[in-house]
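So you know, we letter chains A, B, ... as the sequences are listed, proteins then strands, and number each from 1. Since we're looking at a predicted model, the values are computed, not measured. Any value given below was found using the heavy atoms of this structure, including those in side chains, with hydrogens, waters and symmetry copies removed.
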Number of protein chains: 2
Amino acid sequence: MYRAVIESSEHPTADTVYQTVRKQCPDISLGTVYRNLGRLVECGAIRKIGVSDGSDRFDGTLAEHYHLLCSGCGCVADIQLPELGKQIRQVGRESGLEIQGYELIIHGLCKDCVQKQIKENE
Amino acid sequence: MYRAVIESSEHPTADTVYQTVRKQCPDISLGTVYRNLGRLVECGAIRKIGVSDGSDRFDGTLAEHYHLLCSGCGCVADIQLPELGKQIRQVGRESGLEIQGYELIIHGLCKDCVQKQIKENE
DNA sequence: TCCAAAACAATAATGATTATCATTTCTATA
DNA sequence: TATAGAAATGATAATCATTATTGTTTTGGA
């Protein structure tokens with residue numbers, strides 16, 4: 001039920017999920033959304049993207065990938081970096097660390113905003 | 001003045017800096033610490049490490065490196081991943097993005113906590 | 001049907017950070 | 001040296017996302 005919401009939308013924040021779900025269940029509370037999103041994260045159905053300077057976002061795509069947070073339009077774009085996980089695990093092995101997880105957030109402009117900027121400068 | 005504090009300590013939070021500076025200037029306010037740390041970040045003298053599930057931390061080392069946030073003792077260890085910046089810039093070029101910055105936080109156990117764990121299991 | 005456990009809505013609490021505002025401290029120039 | 005204007009500061013309030021609490025409602029099994 002929530003899963004559909006999350007997988008359909010693009011990296012929504014808890015509040016965005018709340019607004020969406022409210023269309024179907026107008027009496028749902030924000031606390032319930034947080035609680036259930038937390039549960040879905042806990043059981044591995046979705047993933048939480050911790051953005052340090054903003055609200056956390058949720059992602060239904062479990063395959064390894066990273067995120068670009070666009071400072072132009074605020075969207076979150078997927079980024080493929082197939083070697084990163086391998087590299088981090090290797091550093092962990094070499095340095096005697098235990099890697100439990102990692103999050104990479106790239107800040108910048110998405111493809112559309114870059115295009116927009118180019119047009120403005122013409 | 002602040003710089004010394006920051007460079008001496010190990011990735012302190014704003015509050016840690018506040019506690020440290022208070023020993024010299026007992027009347028300084030937390031707001032001033034935040035303000036001046038922000039200024040130092042703005043002019044590039046130090047760097048802010050945005051930890052999504054906790055307080056931000058500040059780092060006087062400007063050379064490219066990343067961080068492991070230890071879930072055992074709460075310390076922050078430096079991690080070298082010399083290829084990461086290059087890879088991100090390459091992806092940016094290939095995908096038509098403008099990269100403005102990026103932050104990688106690794107969660108896990110530091111060397112000491114791994115050792116501690118091994119001893120406990122003996 | 002009944003009862004315990006789980007889920008819920010509403011709201012309060014928390015914690016880090018930022019904004020506000022009145023006051024103090026610099027700074028440069030006459 | 002005096003002084004006006006700018007910048008910095010301390011104290012405190014405000015903000016924002018998230019979590020905790022509490023009392024009520026729903027649910028599923030005996």
Side-chain angles (χ1 to χ4, degrees), chain A residues 1-6 9-60 67 69-71 73-76 101 103 105 107, chain B residues 1-6 9-60 67 69-71 73-76 101 103 105 107:
Chain A
M1 175 220 194
Y2 275 6
R3 226 166 159 175
V5 177
I6 288 146
S9 185
E10 294 268 333
H11 311 101
T13 63
D15 194 68
T16 306
V17 174
Y18 176 52
Q19 300 303 338
T20 307
V21 176
R22 227 138 78 106
K23 288 173 193 159
Q24 301 275 332
C25 315
D27 289 339
I28 201 168
S29 86
L30 185 56
T32 302
V33 171
Y34 269 105
R35 193 170 340 129
N36 292 339
L37 285 173
R39 252 172 232 173
L40 288 169
V41 170
E42 212 171 325
C43 75
I46 62 172
R47 201 171 276 192
K48 177 151 82 165
I49 310 169
V51 181
S52 56
D53 51 350
S55 307
D56 290 348
R57 288 159 174 275
F58 296 87
D59 190 344
H67 297 98
L69 179 60
C70 178
S71 53
C73 64
C75 77
V76 175
E103 0 179 16
I105 298 288
H107 297 265
Chain B
M1 176 220 193
Y2 276 4
R3 225 166 162 175
V5 178
I6 288 147
S9 183
E10 294 268 333
H11 310 102
T13 63
D15 195 69
T16 306
V17 174
Y18 176 53
Q19 300 304 337
T20 307
V21 176
R22 229 138 79 106
K23 287 172 193 159
Q24 301 276 333
C25 316
D27 289 338
I28 200 168
S29 85
L30 185 55
T32 302
V33 171
Y34 269 106
R35 200 171 339 158
N36 291 341
L37 285 173
R39 252 171 232 173
L40 288 169
V41 169
E42 213 171 327
C43 75
I46 63 172
R47 204 172 275 193
K48 177 150 82 165
I49 310 169
V51 181
S52 57
D53 51 351
S55 307
D56 291 347
R57 287 158 173 278
F58 295 88
D59 190 343
H67 298 98
L69 178 60
C70 179
S71 54
C73 62
C75 76
V76 174
E103 359 179 15
I105 298 287
H107 296 266

Here the distance between atom P of C:dC8 and atom CG of A:Leu37, to the nearest Å, is 12 Å

Value for NE2 (A:His67) from SG (A:Cys75), rounded to nearest 0.5 Å, stands at 11.0 Å

Reading nucleotides 6-23 of chain D from 5' to 3' and marking B where a protein heavy atom lies under 4.0 Å of the base, S where only the sugar-phosphate is that close, and - otherwise, the string is --SBBS-----SSB----

Applying salt bridge (charged side-chain N to carboxylate O under 4.0 Å, His left out) to A:Asp59 and not counting sequence neighbours gives none

In terms of heavy-atom contacts, B:Cys70 and B:Cys73 come closest through SG-N, 3.4 Å

Report, one line per pair, each donor and acceptor closer than 3.5 Å where one atom sits in a side chain of residues 42-58 of chain B; sequence neighbours left out.
{"residue": "B:Arg47", "atom": "NH2", "partner": "B:Leu62", "partner atom": "O", "Å": "2.7"}
{"residue": "B:Ser52", "atom": "OG", "partner": "A:Glu103", "partner atom": "OE2", "Å": "3.4"}
{"residue": "B:Arg57", "atom": "NH1", "partner": "B:His11", "partner atom": "O", "Å": "2.8"}
{"residue": "B:Arg57", "atom": "NH2", "partner": "B:Gly74", "partner atom": "O", "Å": "3.4"}

In whole angstroms, the gap separating P of C:dA7 from CD of A:Glu42 amounts to 12 Å

For B:Leu30 and B:Tyr18, the nearest pair of non-hydrogen atoms, with its separation, is N-CE1, 3.5 Å

